[in-house]
Protein chains: 2
Amino acid sequence: MERQTRQRSAVLGALTGSGQTLTPQEICHLAQRGVPRLSLSTVYRQLKQLLEAGEVVPADLPGQPTRYEAVCELAHGRADHHHHHFHCDACDRVYPIHTCPGPMEDLVPRGFQVQRHDLTLHGRCAECASTGPA
Amino acid sequence: MERQTRQRSAVLGALTGSGQTLTPQEICHLAQRGVPRLSLSTVYRQLKQLLEAGEVVPADLPGQPTRYEAVCELAHGRADHHHHHFHCDACDRVYPIHTCPGPMEDLVPRGFQVQRHDLTLHGRCAECASTGPA
DNA sequence: CTACGTGCAAAAAGTTTGCAATCGC
DNA sequence: GCGATTGCAAACTTTTTGCACGTAG
């Protein structure tokens with residue numbers, strides 16, 4: 001069903017090309033390098049389709065606008081790869097964390113069923129930590 | 001500086017009274033039982049003051065509107081008590097988790113400095129798990 | 001009495017949708 | 001050519017702000 005439009009490849013290209021976890025705004029700016037008249041609505045619409053197609057996954061960090069990341073770049077080729085995020089408070093970039101502290105079932109009271117967990121680390125990335133160790 | 005207004009106690013009362021983690025909307029509805037003409041703006045303004053006063057802490061769950069919780073009820077009396085959250089996908093309630101999987105420094109690449117982490121568990125709470133085990 | 005707090009309405013920010021024009025297939 | 005996709009503008013949601021009135025101290 002999905003048509004191959006310039007906008008679609010520009011959106012996906014912005015994500016895979018950056019190898020990062022981006023907000024819709026950032027995606028729009030990046031993708032406009034290839035398609036100048038690209039609108040933010042189209043970015044949202046394409047993101048929705050790409051989500052359903054499993055080519056992109058959302059990364060909802062607490063207290064921030066939803067970001068998106070390309071599956072192929074960040075998930076090492078596995079569509080369902082479980083990973084977490086590191087948010088640099090200094091440069092506001094988001095890095096994938098491919099390790100996990102392990103099962104969480106023990107943390108909850110009796111009777112609770114844990115199906116999923118999100119972990120977000122905050123701090124300073126290597127670059128910002130070395131630049132200005134505030 | 002902070003004045004003791006009916007609105008202020010209604011907002012704080014809604015949080016402490018419920019013992020839950022609530023959205024500003026929920027707080028407003030609850031608090032309007034005592035102050036019917038309470039406006040949502042005032043809820044936000046009081047929440048901001050209560051945050052600064054350390055009587056309330058925000059709980060930003062990924063992909064959801066920000067919720068707030070009263071410190072005294074949920075943090076066992078310690079203003080800086082570190083805790084996490086369990087979100088029930090069925091009833092949409094949020095429960096505090098007072099345990100923690102432990103230090104997270106090992107998860108990040110060399111050079112990264114971890115200062116903080118947020119953990120959100122998702123699943124079904126005891127009540128919903130027993131009611132209808134979907 | 002005076003200044004902070006309140007309610008309302010409007011604004012800002014992020015996201016979704018309606019619609020006519022466009023473009024892939 | 002047909003129908004999905006696009007761009008624009010308007011709607012919607014969550015949160016913030018401007019302003020005149022109310023009220024605590």
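In the text below, chain A, chain B and the rest are named by the order of the sequence lines, each starting its count at 1.
Applying the ring-ring contact (aromatic ring centres under 6.0 Å, His included) criterion to A:Tyr44, with sequence neighbours excluded, gives no partner residue. For A:Thr23, the side-chain hydrogen bond (donor to acceptor under 3.5 Å, both in side chains) partners two or more places apart in sequence, or in a different chain, are A:Glu26. Listed by chain and number, the residues in a salt bridge (charged side-chain N to carboxylate O under 4.0 Å, His left out) with B:Asp92 are B:Arg67 (sequence neighbours excluded). With sequence neighbours excluded, no residue forms a salt bridge (charged side-chain N to carboxylate O under 4.0 Å, His left out) with B:Arg45. Take B:Ser39 and apply the side-chain hydrogen bond (donor to acceptor under 3.5 Å, both in side chains) test, not counting sequence neighbours, and it matches B:Thr42. Looking at residues two or more places apart in sequence or on another chain, you find no side-chain hydrogen bond (donor to acceptor under 3.5 Å, both in side chains) involving B:Ser18. By the ring-ring contact (aromatic ring centres under 6.0 Å, His included) test, A:His84 pairs with A:His82, A:His117, sequence neighbours left out. Considering only residues two or more places apart in sequence or on other chains, A:Ala126 meets the side-chain contact (heavy atoms from CB on, under 4.5 Å) condition with B:Phe112.
One interatomic measurement links the two molecules: CZ of B:Arg8 to C1' of D:dG25, which rounds to 15 Å at whole-angstrom precision.
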What side-chain donor-acceptor pairs closer than 3.5 Å can you find for residues 4-13 of chain A, not counting sequence neighbours?
residue, atom, partner, partner atom, Å
A:Gln4, NE2, A:Ser9, OG, 3.4
A:Thr5, OG1, A:Arg8, N, 3.1
A:Arg8, NH1, A:Gln46, OE1, 3.0
A:Ser9, OG, A:Thr5, O, 3.0
A:Ser9, OG, A:Arg6, O, 3.3

Report summary line: Per-nt protein contacts along nucleotides 17-25 of chain C (heavy atom under 4.0 Å; B base, S backbone sugar-phosphate only, - none) come out as BB----BBS

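Heavy-atom distances under 4.0 Å link DNA chain D to no residue of residues 25-32 of chain A.
For the OP1/OP2 pair of C:dG7 and a distance below 4.0 Å, the side-chain nitrogens and oxygens of B:Gln7 include at least one atom meeting the criterion.
Put simply, the side chain of B:Pro101 reaches to within 4.5 Å of the side chain of A:Met104, judged on heavy atoms.
Direction of the helix axis in the helix from C:dC1-D:dG25 to C:dC25-D:dG1 shifts by 30° between the two five-pair termini, rounded to 10°.
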